[in-house]
Amino acid sequence: MTKIIKCPKELLKNDLYRKNILITGGYSGIGLFTSKQLISQNASVIIAGKNKKKGNKISKEIGSDFFELDLSNRDSIENFSNEFKKKYKKLDVLICNAALMAPPALGKSQSSVRTKEGREIQMATNYLGHVLLIHLLENIIKLTPNSRIINVSSCAADSMPSGGQKNQADIDLSDPYWNKRKYIPIDAYGQSKLAQILYSNELAKRLEGTDTKVVSIHPGWGSATNLDRYYPFILRKILIPIIGRFLGAITIEQASQIHLYCALSPDIENGKFYSQIGIYGNKNMQKGGLPMEFKSPNATLEKQSALWSWTMKELNL
Ligand SMILES: NC(=O)c1ccc[n+]([C@@H]2O[C@H](COP(=O)([O-])OP(=O)(O)OC[C@H]3O[C@@H](n4cnc5c(N)ncnc54)[C@H](OP(=O)(O)O)[C@@H]3O)[C@@H](O)[C@H]2O)c1
């Protein structure tokens with residue numbers, strides 16, 4: 001039986017007084033558990049999220065700060081970054097945690113899965129939105145000693161069931177928004193998550209020699225969060241909870257361990273991938289690791305470099 005990876009207990013007792021930690025989507029699921037733990041260690045946690053009412057309510061309850069941020073909308077990301085920089089002069093840890101998974105495409109126009117610029121929503125939110133955010137906050141992060149950026153990806157960056165785990169996730173830069181291909185929502189999720197890892201690796205290379213480390217992570221699979229909100233009820237509430245147990249599904253607390261380890265450990269290495277146990281197609285990766293080599297057929301250096309060029313052009317950076 002594969003052993004769930006835990007953040008060492010002593011790290012969960014560190015005093016984080018004066019540490020500013022920004023987490024996107026930190027008012028729910030794995031992000032919320034992570035936020036609460038960091039606050040219990042005295043950190044100043046700033047949550048950025050789409051739902052203002054929910055964000056303010058939860059932040060009041062747990063003692064975080066809250067800013068509105070819609071990662072699928074450029075204006076919102078720019079506004080947020082300006083407001084954040086007015087209030088905070090340093091950023092120790094940025095956790096790019098928010099995401100959506102496999103929203104259904106309704107009708108031929110697929111308008112439900114497109115941003116106003118016509119971008120596929122998962123590529124736009126999970127990937128491009130976070131890239132823009134990182135670039136707008138890069139200066140303040142680089143000015144903060146021993147800072148870090150954590151890109152929350154998934155084992156879906158290796159393989160994801162549109163056809164069981166046989167399907168390798170891939171990034172198709174000739175059709176990144178699924179205009180020419182048949183839209184398969186879960187494969188588009190895999191594409192956005194692979195993009196996060198390759199971008200993270202490239203950014204780490206470019207920040208080599210600075211005081212900022214960049215890592216990507218897989219938190220673990222199957223925890224009962226809202227991520228599967230678009231799945232049919234029977235799958236979310238009955239099948240996954242039952243079958244999931246045999247496939248290595250873990251709890252929200254267990255899934256937050258990699259977030260916490262990467263935010264707290266003095267030993268993290270720039271450009272590495274940290275993973276909880278996972279349902280990777282590649283069996284060698286299933287036991288996870290701190291860090292672990294992310295070895296997937298489409299995670300090539302050529303793709304990484306092409307993705308970087310495409311991304312900078314796409315975002316006008
Ligand atoms: N749970 C798992 O099994 C699992 C497995 C592998 C990886 N992960 C990764 O772990 C991370 C956390 O997921 P979770 O499971 O905790 O799911 P979750 O509870 O659904 O959290 C995702 C968060 O992202 C936010 N979000 C979605 N669209 C956004 C947008 N346009 N702008 C700003 N925020 C947005 C959501 O806000 P609203 O709720 O207001 O929409 C929510 O707070 C994700 O990156 C996910 O890919 C999770």
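Note that ligands are numbered from 1 as they come in the structure, with each ligand's atoms numbered from 1 the same way.
- Annotation: Asn51 places no N or O atom under 3.5 Å from an N or O atom of ligand 1; distance criterion only.
- Close N/O approach between Ser154 and ligand 1 is not found [any backbone or side-chain N/O within under 3.5 Å].
- Checking only distances, Lys193 does come within under 3.5 Å of ligand 1, N or O to N or O.
- Between Ile30 and ligand 1, at least one pair of N/O atoms sits closer than 3.5 Å.
- No more than 12 heavy atoms of other residues, nucleotides or ligands sit less than 6.0 Å from atom NZ of Lys287.
- Atom-to-atom distance recorded for Leu22:CG and Asp92:CG is 11.0 Å, nearest 0.5 angstrom.
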Step-by-step side chain to side chain contact (heavy atoms under 4.5 Å, CB included) determination, Tyr274 to Ile150: CA-CA 10 Å; Tyr274 292 77; Ile150 301 167; over 6 Å; no
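- Listed by number with element, the atoms of ligand 1 under 4.0 Å from a non-hydrogen atom of Ser72 are 31 (N).
- Dense packing is recorded around NZ of Lys89, with more than 12 heavy atoms of other residues, nucleotides or ligands lying under 6.0 Å away.
- Short contacts between ligand 1 and Trp221, defined as distances under 4.0 Å to a heavy atom of the residue, involve ligand atoms 3 (O).
- Considering all non-hydrogen atoms of both residues, Pro104 and Val113 come closest at O-CG1, 3.5 Å.
- Atoms of ligand 1 found under 4.0 Å from any heavy atom of Val152 (numbered from 1 in listed order, with element): 9 (C), 10 (O), 11 (C), 45 (O).
- The shell of residues lying under 4.0 angstrom from ligand 1, judged by heavy atoms, includes Ser153.
- Within a 6.0 Å sphere centred on NZ of Lys57, heavy atoms belonging to other residues, nucleotides or ligands number 12 at most.
- Every atom of ligand 1 with a heavy atom of Gly29 under 4.0 Å away is listed here by number and element: 16 (O), 19 (O).
- Closest heavy-atom approach to atom 48 (C) of ligand 1 among the candidates Ile77, Leu227, Ile258, Thr115: Leu227.
- In terms of polar-atom proximity, defined here as any N/O pair under 3.5 Å, His259 makes no such contact with ligand 1.
- The residue from Thr125, Asp187, Asn126 that alone fulfils the side-chain hydrogen bond (donor to acceptor under 3.5 Å, both in side chains) condition with Ser192 is Asn126.
- Distances from ligand 1 to the non-hydrogen atoms of Met101 include no value under 4.0 Å.
- Under a cut-off of 6.0 angstrom, the local environment of NZ in Lys116 is crowded, with over 12 non-hydrogen atoms contributed by other residues, nucleotides or ligands.
- Considering backbone and side-chain atoms alike, Gly31 places every N or O at 3.5 Å or more from each N or O of ligand 1.
- Heavy-atom contacts of Tyr189 reach the following atoms of ligand 1: 7 (C), 46 (C), 47 (O) (cutoff under 4.0 Å).
- Considering both main-chain and side-chain atoms, Gly49 never comes within under 3.5 Å of ligand 1 through any nitrogen or oxygen pair.
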Side chain to side chain contact (heavy atoms under 4.5 Å, CB included) evaluation trace for Arg74 with Leu132: CA-CA 8 Å; Arg74 186 170 190 126; Leu132 180 61; 3.7 Å; yes
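- Annotation: Lys295, atom NZ; neighbour count of heavy atoms from other residues, nucleotides and ligands within 6.0 Å does not exceed 12.
- In this structure, Ser153 and Pro219 approach most closely via the heavy-atom pair O-CD, 3.6 Å.
- Comparing Ala98, Ala124, Gly25, Ala99 against atom 27 (C) of ligand 1, the shortest heavy-atom distance belongs to Ala99.
- Looking at Phe67, Tyr88, Phe66 one by one, the single match for ring pair (Phe, Tyr, Trp, His ring centres under 6.0 Å) with Phe80 turns out to be Phe67.
- The shell of residues lying under 4.0 angstrom from ligand 1, judged by heavy atoms, excludes Thr24.
- Considering backbone and side-chain atoms alike, Thr225 places an N or O below 3.5 Å from some N or O of ligand 1.
- Closest non-hydrogen pair, Ile47 versus Ser64, comes out as CD1-OG, 3.5 Å.
- Ligand 1 has no nitrogen or oxygen under 3.5 angstrom from a nitrogen or oxygen of Thr125.
- Among protein heavy atoms, the minimum distance from atom 31 (N) of ligand 1 is reached at Asp70 OD1, 2.9 Å.
- Numbered from 1 in the order shown, with element, the atoms of ligand 1 that lie under 4.0 Å from a heavy atom of His218 read 6 (C).
- Within ligand 1, counting atoms from 1 as listed, the ones closer than 4.0 Å to a heavy atom of Gly220 are 2 (C), 3 (O), 4 (C), 5 (C), 6 (C).
- Near Leu69, the atoms of ligand 1 lying under 4.0 angstrom from a non-hydrogen atom of the residue are 32 (N), 33 (C).
- Taking the side chain as every heavy atom from C-beta outward, His130 and Gln196 approach each other to under 4.5 Å.
- Nearest heavy-atom pair, Arg181 versus Asp175, reported as atom, atom and distance to 0.1 Å: NH2-O, 2.6 Å.
- For the pair Leu71 and ligand 1, the shortest N or O to N or O distance falls below 3.5 Å.
- Residue contacts with ligand 1 for Ser223 involve both N, CA, C or O and side-chain atoms from C-beta outward (heavy atoms, distance under 4.0 Å).
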